[in-house]
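Just so it is clear, the model here is predicted, and its values are computed rather than measured. Letters A, B, ... mirror the listed sequences (proteins, then strands); counts begin at 1.
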2 protein chains.
Amino acid sequence: MSAARLRIAASVPSIGGAFTAEDLHEVVSAGDGPGIGVATVYRAVAAMTAAGSLAAVGARDGSTLYALCTGGEHHHHLVCTGCGTVVGIGCPIDGALRRSAEEAGYTVTSHEVTLYGLCRDCSGKRA
Amino acid sequence: MSAARLRIAASVPSIGGAFTAEDLHEVVSAGDGPGIGVATVYRAVAAMTAAGSLAAVGARDGSTLYALCTGGEHHHHLVCTGCGTVVGIGCPIDGALRRSAEEAGYTVTSHEVTLYGLCRDCSGKRA
DNA sequence: GTAGGTGCAAAGGATTTGCTTAAAC
DNA sequence: GTTTAAGCAAATCCTTTGCACCTAC
């Protein structure tokens with residue numbers, strides 16, 4: 001792995017939640033050392049998404065939101081719309097739903113599930 | 001409702017499935033009468049989405065996919081990746097999942113669920 | 001020595017916005 | 001007569017790509 005990708009990978013956890021490519025580029029560029037190009041950030045994000053360590057968790061103002069993702073078993077994400085923190089959640093696409101889809105003649109090949117809400121802190125601040 | 005919106009609304013069912021704004025503009029422009037601007041199509045789509053008669057059902061090549069949506073009760077969509085046909089499905093976000101989110105300190109405010117698969121026809125063609 | 005990655009800048013595409021004109025109530 | 005929307009074009013924004021250079025194996 002190259003130095004640029006290492007720096008990018010190291011910057012992701014410091015954001016602590018969902019981020020856009022622009023956010024990430026900003027954080028990476030804020031660090032020391034030479035500048036890192038936007039294209040490199042996009043390429044790294046694409047690579048990490050393909051590798052399963054990042055996941056797209058929605059969009060904000062037309063740009064894609066990404067978040068750190070445990071590469072483990074199948075799950076989805078719950079994003080706090082207040083602060084951007086993300087937690088993993090189980091997959092709600094169970095046998096019954098899949099079966100009803102098959103009764104309609106469909107073979108389900110993939111699915112996307114994302115929940116949005118407020119975390120404890122943001123919920124409290126809002127009250 | 002204006003003539004342009006009427007023509008746009010009338011064109012949507014003729015597509016018979018998911019479509020991009022560009023698709024819709026093409027179909028609308030293919031009809032008789034004067035041309036309809038791209039901006040008008042986007043404005044109409046936004047209005048119909050806000051009204052609940054259209055829904056965003058994913059993306060294709062960076063452009064948003066829309067589909068006709070019964071404005072009725074809460075549901076989600078299953079999109080055929082072969083031909084673009086869309087069927088409504090029940091919401092799998094049940095009490096258990098919501099409760100587990102609340103145990104994590106989150107108040108769920110909204111969610112997105114989209115399934116992708118192959119309809120009977122496309123599944124057959126593929127075999 | 002070669003393959004892959006980087007940086008910069010430019011290209012590409014989708015969507016939005018400004019402004020003037022036309023239509024509806 | 002006023003308000004709302006259309007139409008056209010330009011602008012904006014996110015993302016991808018081309019290309020020359022550099023680094024690592």
Separation of [N] [atom2] from [X] [atom1] (nearest whole Å):
{"X": "Asp61(A)", "N": "dT17(C)", "atom1": "CG", "atom2": "P", "answer": "11 Å"}
{"X": "Leu6(B)", "N": "dA24(C)", "atom1": "CG", "atom2": "P", "answer": "11 Å"}
{"X": "Glu22(B)", "N": "dG13(C)", "atom1": "CD", "atom2": "P", "answer": "10 Å"}
{"X": "His25(B)", "N": "dC8(D)", "atom1": "NE2", "atom2": "C1'", "answer": "11 Å"}

Taking the side chain as everything from C-beta on, heavy atoms only, tell me whether Val41(B) gets closer than 4.5 Å to Ile36(B). yes

Quick one: are Val12(B) and Phe19(B) in side-chain contact, heavy atoms under 4.5 Å? yes

Assess whether atom CD of Glu102(B) is packed by more than 12 heavy atoms of other residues, nucleotides or ligands within 6.0 Å.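 Buried by this count: over 12 neighbours within 6.0 Å.
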
Note the angle between the end axes of the helix from dG1(C)-dC25(D) to dC25(C)-dG1(D), five pairs defining each, rounded to 10 degrees. 30°

Going through the distances and angles, do Cys69(B) and Met48(B) end up as a side-chain contact (heavy atoms from CB on, under 4.5 Å)? CA-CA 10 Å; Cys69(B) 178; Met48(B) 293 169 80; over 6 Å; no

Sorted by chain and residue number, the side chain to side chain contact (heavy atoms under 4.5 Å, CB included) partners of Thr114(A) (sequence neighbours excluded) come out as Val79(A), Tyr116(A)

Tell me whether the side-chain N/O atoms of Arg5(A) come closer than 4.0 Å to OP1 or OP2 in dG4(C).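 No, Arg5(A) has no side-chain N/O under 4.0 Å of OP1/OP2 on dG4(C).
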
Does Tyr42(B) put a side-chain nitrogen or oxygen below 4.0 Å from OP1 or OP2 of dT15(C)?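 For dT15(C), OP1/OP2 do have a side-chain N/O of Tyr42(B) under 4.0 Å.
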
Value for NE2 (His25(A)) from CD1 (Ile8(A)), rounded to nearest 0.5 Å, stands at 8.5 Å

CZ on Arg120(B) to OG1 on Thr85(B), rounded to 0.5 Å: 11.0 Å

Using side chain to side chain contact (heavy atoms under 4.5 Å, CB included) as the criterion, point out the one residue from Val113(B), Leu78(B), Leu115(B) that pairs with His111(A). Leu115(B)

Checking all strands, does Thr64(B) fall into the base, sugar-phosphate, or nothing category for heavy-atom contacts under 4.0 angstrom? sugar-phosphate

Strictly under 3.5 Å: I want the nitrogen or oxygen pairs between protein and nucleotides 7-11 of chain C, one per line.
residue: dG7(C); atom: OP1; partner: Gly35(A); partner atom: O; Å: 3.1
residue: dG7(C); atom: OP2; partner: Gly37(A); partner atom: N; Å: 3.3
residue: dG7(C); atom: OP2; partner: Thr40(A); partner atom: OG1; Å: 2.6
residue: dG7(C); atom: N7; partner: Arg43(A); partner atom: NH2; Å: 3.0
residue: dG7(C); atom: O6; partner: Arg43(A); partner atom: NH2; Å: 3.4

